[in-house]
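To start, the structure under review is shown below, and the notes come after it.
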Amino acid sequence: MKFLILQKIKREVPTEVWAKLFPAQIKYLDDLEKEEKIEVSYHLIGQQANLLIVDVDSDEELSRIISEDPLFFYSERKVYPLTTRENHKKYLKQLLGF
């Protein structure tokens with residue numbers, strides 16, 4: 001199961017807190033990439049934000065990945081489930097009777 005995660009650091013986070021936790025977050029994301037749980041990872045230019053596409057086996061695994069992020073309490077995130085265009089096309093054909 002793939003999910004898109006948009007994560008933004010809250011504006012009110014003091015710079016000292018962010019600077020202390022940022023190296024831990026980088027290591028955490030690097031480790032997830034090595035485990036092949038992160039398929040794509042981008043920094044959003046001009047923002048303190050990341051875009052991740054994660055590939056997990058369960059919603060429990062997704063929850064663990066999100067909650068173990070060192071910046072969990074200092075971030076806001078949106079999570080979107082993903083499917084391929086091909087799977088979506090199949091679903092629409094069934095739904096619409098094509």
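Along the sequence shown, residues carry numbers from 1. On a predicted model such as this, the values are computed, not experimentally measured, just so you know.
Criterion: ILVMFWY side-chain heavy atoms under 4.5 Å apart, direct or through other members. Under it, V13 and I26 are part of a common hydrophobic cluster. With hydrophobic clusters built from ILVMFWY side chains whose heavy atoms lie under 4.5 angstrom apart, L29 shares a cluster with F3. Following chains of ILVMFWY side-chain contacts shorter than 4.5 Å, one can reach F72 starting from V56, so the two form part of one hydrophobic cluster. Both I5 and L32 belong to a single network of hydrophobic side chains, linked directly or stepwise wherever heavy atoms of I, L, V, M, F, W or Y lie under 4.5 Å apart.
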Side-chain donor-acceptor contacts of residues 33-41 below 3.5 Å, not counting sequence neighbours, with atom names and distances?
from, atom 1, to, atom 2, distance (Å)
K37, NZ, E61, OE2, 2.8
E39, OE1, K2, NZ, 2.7
E39, OE2, K2, NZ, 3.3

Would you be so kind as to tabulate the donor-acceptor pairs closer than 3.5 Å made by side chains of residues 90-98, with sequence neighbours excluded?
none

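With sequence neighbours excluded, the residues forming a side-chain hydrogen bond (donor to acceptor under 3.5 Å, both in side chains) with Q25 are Q7, D69, listed by chain and number. Residues passing the side-chain hydrogen bond (donor to acceptor under 3.5 Å, both in side chains) test with N87 are T84, sequence neighbours excluded.
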### Task
Check the pair L52, L4 against side-chain contact (heavy atoms from CB on, under 4.5 Å), reporting the backbone distance first and the verdict last.
CA-CA 6 Å; L52 306 172; L4 176 122; over 6 Å; no
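Heavy atoms of other residues, nucleotides or ligands lying less than 6.0 angstrom from OH of Y74 number 12 at most. Heavy atoms from other residues, nucleotides or ligands lying under 6.0 Å from CZ of F73 number 12 at most.
Rounded to the nearest 0.5 angstrom, N50 CG and L71 CG are separated by 9.0 Å. Separating the CG atom in L62 from the CE atom in M1 is a distance of 7.0 Å, to the nearest 0.5 Å.
Annotation: ring pair (Phe, Tyr, Trp, His ring centres under 6.0 Å) contacts involving residues 13-46, sequence neighbours excluded, comprise W18-F22. Within the structure, the salt bridge (Lys or Arg N to Asp or Glu O under 4.0 Å) test picks out no pair touching residues 6-20 (sequence neighbours left out).
Counting all heavy atoms, side chain and backbone alike, L21 lies closest to P70 at CD1-O, 3.7 Å.
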